[in-house]
**Q** 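Starting off with a structure, shown below.
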Amino acid sequence: MKTYRKVALAAAVLWSMLTPSLAADQRPNVLLIVADDLGYSDIGAFGGEIATPHLDGLARAGLRMTQFYTSPFCSPTRAMLLSGADNHRVGFGSMAELMTPQQRSRAGYEGYLSERTVTFPQLLRDAGYHTYMAGKWHLGVREEHAPSNRGFEQSYAMLNGGAGHFDQTGIITDDPDKAPVAYYRDNGKDTKVPAEGFFSSEFFASRLISYIDADKADGKPFFGYLAFTAPHWPLQAPDEYIRKYDGAYDVGYDVIRERRLTRMKALGLVPKDMQPYVGNPVWPRWKELTPQQQRIESKRMAVYAAMVESMDAQIGRVLEYLRRTGKLDNTVVIFLSDNGADGNTVLDEGATREWAHRHADNSVANTGRRGSFAEYGPGWAQVGSTPFNMYKAFMYEGGIAVPAIFTLPAAATRGQVARVPAHVTDIAPTVLDLAGVRAPGTSYQGREVVQLEGRSMLGLLTGRQPLVHEEFLRGWEFNGRRALRKGDWKIVLANKPWGTGQWQLFNLARDRSELHDLARRHPAKLRELVAEYEQYAHGSGVVEFEGLAERPGYSNGRKYYEDLNEGR
């Protein structure tokens with residue numbers, strides 16, 4: 001492993017080569033942007049029809065990664081992002097909201113970043129960086145678990161898994177007549193969002209800009225974490241953005257999917273002969289929906305698109321501020337989604353369905369406005385995952401492969417596409433490498449901590465190396481669903497009706513849509529990967545119980561189109 005002196009010297013020399021107008025000891029700023037439940041093919045740079053000029057500009061100036069992996073759920077991804085270690089090892093073997101009583105009693109299932117975790121923002125702050133955060137936290141709700149105690153000098157954080165975008169409405173309630181409430185902390189202290197004029201994407205971008213601006217003259221580099229809650233449901237966006245997409249999705253799922261796939265092929269993101277997964281047979285196809293259901297679905301997708309475009313506009317505001325203040329030329333920008341598009345329903349949790357039916361106005365006219373509580377749904381989520389299998393909550397590619405863009409000023413990879421695998425745990429060592437900061441190993445400030453598992457991507461991002469991992473080997477587990485990828489081979493285990501209930505085997509080099517199960521044709525390869533998975537599960541502290549994957553609720557719900565009939 002590199003010593004601190006070697007890492008610091010290499011980072012300084014490399015950065016001086018990338019930005020020759022800057023002094024060799026001037027470390028880069030880092031802006032990390034995370035979208036919430038954004039689909040793989042939603043933005044223009046990844047084939048989508050949604051207007052995202054600022055993200056597309058970052059892609060032209062940087063490197064797009066077509067095989068970048070996360071967890072299939074938001075908080076485990078965020079835990080791995082900030083720690084550089086597997087989610088089971090840092091407190092998020094499951095999400096706090098979905099954890100069973102059996103899981104809560106086990107180490108690695110605390111539902112907050114455990115004391116064994118040191119975040120890379122803590123290390124950057126120790127090394128003299130300003131560290132700022134605005135947006136979704138989802139890594140613990142108590143004050144001691146807030147961003148202010150995990151390395152962030154300034155923070156405004158939404159603590160839960162989701163929230164209304166115009167107010168403080170939460171997403172899960174146990175009382176059918178009591179609206180759920182989202183919780184926010186301003187530098188660790190409880191706060192409320194403004195009663196008027198609040199829209200999540202604009203507010204979080206403004207907060208981050210204000211943090212950077214307050215310290216702009218002191219010469220210290222910054223790390224900024226901009227964690228949007230868009231486009232996570234409830235689907236809400238400003239009217240002027242929604243109007244742009246009215247009627248755009250009347251053509252339905254299949255037409256939009258085909259258009260996206262055509263663009264993806266033209267962009268070189270997928271093979272020319274790639275065939276898409278078109279959706280689990282549990283769900284109806286577009287032609288099987290009633291005219292009213294189609295009308296509701298078209299409007300919901302229009303609002304979703306508006307959320308994505310408005311988020312892109314706020315990214316543009318932040319980039320323009322950095323450009324105007326002369327900071328952009330020394331700023332690394334990283335963008336990704338936290339998991340695949342979300343086709344599941346929260347209405348199965350608690351009394352949320354009854355509350356929404358009684359109190360939310362999900363009429364077509366009001367969908368997207370304050371007071372609506374509409375979800376995205378499995379039909380559009382599968383389109384968002386184009387061309388991959390399934391969506392959020394599943395370890396098929398649609399749940400764990402996300403759009404990712406890495407932009408280093410003046411890097412040799414400008415405008416290129418990397419078709420090699422990497423993982424969210426690779427971001428922490430990459431940022432530390434850029435900053436010349438040594439990872440602490442197994443000890444930090446006198447206490448034992450989980451060691452970084454990821455690998456620095458800097459060689460790939462600068463064009464000096466063709467790979468991040470010589471052989472990509474990564475396991476996944478979440479509430480009984482499992483997967484492992486080794487090289488080009490991948491195994492997946494998902495409960496029926498979403499999977500077969502048995503291990504499936506896919507060759508991703510030939511079939512990344514996971515259309516052809518090769519388990520019977522290659523039993524030796526299946527056994528090899530299952531053995532690798534067992535080793536991963538044991539080493540990471542995975543806790544499994546009989547029937548865990550089948551537990552009723554969120555990702556096993558099948559009532560989305562019944563709920564759609566409530567729309568008017």
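The shown structure was predicted, so the numbers you read here are calculated from the model rather than taken from an experiment.
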**Q** For the residue pair Arg260 / Ser41, report whether a side-chain donor-acceptor contact shorter than 3.5 Å exists.
**A** yes
**Q** Minimum heavy-atom separation for Leu55 and Ile43, please, with both atom names.
**A** CD1-CG2, 3.9 Å
**Q** Heavy atoms only: give me the nearest Ser385-Gly398 pair and the separation to one decimal.
**A** OG-O, 3.5 Å
**Q** In terms of side-chain heavy atoms, does Tyr554 have a donor or acceptor partner in Asn479 at a distance below 3.5 Å?
**A** no
**Q** Is the number of heavy atoms from other residues, nucleotides or ligands under 6.0 Å of Arg521 CZ greater than 12?
**A** no
**Q** Quick one: are Tyr245 and Glu309 in side-chain contact, heavy atoms under 4.5 Å?
**A** yes
**Q** Where do Arg78 and Asp36 land on the salt bridge (Lys or Arg N to Asp or Glu O under 4.0 Å) test, with the steps shown first?
**A** CA-CA 10 Å; Arg78 292 159 200 271; Asp36 197 358; 3.6 Å; yes
**Q** When you compare the side chains of Thr70 and Asn339, does any donor N or O come within less than 3.5 Å of an acceptor on the partner?
**A** no
**Q** More than 12 non-hydrogen atoms from neighbouring residues, nucleotides or ligands closer than 6.0 Å to CZ on Arg358, yes or no?
**A** yes
**Q** Looking at side-chain heavy atoms only, is the closest gap between Val346 and Phe373 below 4.5 Å?
**A** yes
**Q** Side chains of Ser206 and Glu202: any donor to acceptor distance under 3.5 Å?
**A** yes
**Q** Which residue pairs pass the ring-ring contact (aromatic ring centres under 6.0 Å, His included) test with at least one member in residues 249-269, sequence neighbours excluded?
**A** Tyr249-Trp380, Tyr253-Trp286, Tyr253-Trp380
**Q** Return yes if a side-chain donor-acceptor contact under 3.5 Å exists between Gln292 and Asn565, otherwise no.
**A** no
**Q** For Glu349 and Glu97, run side-chain contact (heavy atoms from CB on, under 4.5 Å): C-alpha distance rounded to whole Å, both residues' side-chain angles, the deciding distance at 0.1 Å, then the answer.
**A** CA-CA 9 Å; Glu349 299 298 322; Glu97 300 91 332; over 6 Å; no
**Q** Taking atom CD as the centre, does Glu546 end up with more than 12 heavy-atom neighbours from other residues, nucleotides or ligands that are less than 6.0 angstrom away?
**A** no
**Q** Could you tell me if the side chain of Leu32 sits less than 4.5 Å from the side chain of Leu336, heavy atoms only?
**A** yes
**Q** So with a 6.0 Å cut-off around CZ of Arg263, is the heavy-atom count from everything else above 12?
**A** yes
**Q** Taking only Lys NZ, Arg NE, NH1 and NH2, and the carboxylate oxygens of Asp or Glu, determine whether Arg243 and Asp246 approach each other closer than 4.0 Å.
**A** no
**Q** Please report whether the ring centroid of Phe203 lies less than 6.0 Å from that of Tyr156.
**A** yes
**Q** Does Thr367 reach the side chain of Gln236, with side-chain heavy atoms less than 4.5 Å apart?
**A** no
**Q** The test is salt bridge (Lys or Arg N to Asp or Glu O under 4.0 Å); show your working for Arg259 and Glu49 and say whether it passes.
**A** CA-CA 8 Å; Arg259 289 174 181 173; Glu49 71 292 333; over 6 Å; no
**Q** Output the distance between atom CE (Met311) and atom OG (Ser201), rounded to the nearest 0.5 Å.
**A** 7.0 Å
**Q** Tyr376 vs Tyr304 aromatic rings, parallel, tilted or perpendicular, using cut-offs 30° and 60°?
**A** parallel
**Q** Has the side chain of His516 got a donor or acceptor atom that lies under 3.5 Å from a matching backbone atom of Arg510?
**A** no
**Q** For the atom pair CD (Glu196) and CG (Asp167), what is the distance rounded to the nearest 0.5 Å?
**A** 10.0 Å
**Q** Would you please say whether a donor-acceptor pair under 3.5 Å links the side chains of Asn362 and Asp563?
**A** no
**Q** Could you verify whether a donor N or O on one side chain and an acceptor N or O on the other, from Thr173 and Asp175, lie under 3.5 Å apart?
**A** no
**Q** Regarding Asp348 and Lys559, does a basic nitrogen lie under 4.0 Å from an acidic carboxylate oxygen?
**A** no
**Q** When rounded to the nearest 0.5 angstrom, what distance separates CG in Leu208 from CG in Leu31?
**A** 6.5 Å
**Q** In terms of ring plane angle, is the pair His423 and Phe472 parallel, tilted or perpendicular, where the classes change at 30° and 60°?
**A** tilted
**Q** Look at Arg485 together with Asp488 and state whether they make a salt bridge at an N to O cut-off of under 4.0 Å.
**A** yes
**Q** Using a distance-only test with no angle check, is there a side-chain donor-acceptor pair under 3.5 angstrom linking Asp342 and Trp233?
**A** yes
**Q** Can you tell me how far the CG atom of Leu526 sits from the CH2 atom of Trp503, to the nearest 0.5 Å?
**A** 8.5 Å
**Q** Which of parallel (below 30°), tilted (30 to 60°) and perpendicular (above 60°) describes Phe198 and Tyr184?
**A** perpendicular
**Q** Taking the side chain from Gln168 and the backbone from Val181, do they hold a donor-acceptor pair closer than 3.5 Å?
**A** no
**Q** Over all heavy atoms of both residues, which pair between Glu375 and Thr345 is shortest? Give the atoms and the distance, please.
**A** OE1-OG1, 2.7 Å
**Q** Do Thr77 and Asn87 come within less than 4.5 Å of each other through their side chains, counting heavy atoms only?
**A** no
**Q** Check Ala356 against Leu347 and note the closest heavy-atom contact, atom names and distance.
**A** CB-CD2, 4.0 Å
**Q** Quick check on the 6.0 Å ring-centre criterion: do Tyr396 and Phe388 meet it?
**A** no
**Q** Please check: side-chain N/O of Asp517 versus main-chain N/O of Gln504, any donor-acceptor pairing under 3.5 Å?
**A** no
**Q** Hey, could you give me the CH2/CZ distance between Trp498 and Arg481, rounded to the nearest 0.5 Å?
**A** 8.0 Å
**Q** Look up atom CD1 in Ile242 and atom CE in Met307, then write down how far apart they are to the nearest 0.5 Å.
**A** 9.5 Å
**Q** Donor-acceptor check, side chain of Ser298 to backbone of Gln294, threshold 3.5 angstrom: yes or no?
**A** no
**Q** Given side-chain contact (heavy atoms from CB on, under 4.5 Å), test Ser71 with Met80 step by step and report yes or no.
**A** CA-CA 8 Å; Ser71 160; Met80 292 192 288; 3.6 Å; yes
**Q** Do NZ/NE/NH1/NH2 and the carboxylate oxygens of Glu550 and Lys496 come within less than 4.0 Å?
**A** no
**Q** Report yes if the side chains of His138 and Asn160 come closer than 4.5 Å at any heavy-atom pair, otherwise no.
**A** no
**Q** Can you name the nearest heavy-atom pair linking Ile256 to Val251, along with the distance?
**A** CD1-CG2, 3.7 Å
**Q** Which residues pass the side-chain contact (heavy atoms from CB on, under 4.5 Å) test with Ala313, sequence neighbours left out?
**A** Tyr241
**Q** Report, as yes or no, whether the 6.0 Å neighbourhood of atom OH on Tyr183 holds more than 12 heavy atoms from other residues, nucleotides or ligands.
**A** no
**Q** How close do Ala35 and Leu38 get, heavy atom to heavy atom, and via which atoms?
**A** CB-CB, 3.8 Å
**Q** Check whether any side-chain heavy atom of Cys74 lies under 4.5 Å from a side-chain heavy atom of Lys392, and answer yes or no.
**A** yes
**Q** Does Asn556 reach the side chain of Asn495, with side-chain heavy atoms less than 4.5 Å apart?
**A** yes
**Q** Could you tell me whether Tyr560 and Trp283 have their ring centroids closer than 6.0 angstrom?
**A** no
**Q** Looking at Tyr69, Phe73, Tyr533, Phe394, which hits ring-ring contact (aromatic ring centres under 6.0 Å, His included) with Trp476?
**A** Tyr69
**Q** Check residues 56-65 and write down every donor-acceptor pair under 3.5 Å in which the side-chain atom is one partner and the other belongs to a residue at least two apart or another chain.
**A**
residue : atom : partner : partner atom : Å
Asp56   : OD1  : Ala45   : N            : 2.8
Asp56   : OD1  : Thr52   : OG1          : 3.1
Arg64   : NH1  : Ala45   : O            : 2.8

**Q** Look at the rings of Phe46 and Tyr40 and say which category their plane angle falls in: under 30° parallel, 30 to 60° tilted, over 60° perpendicular.
**A** perpendicular
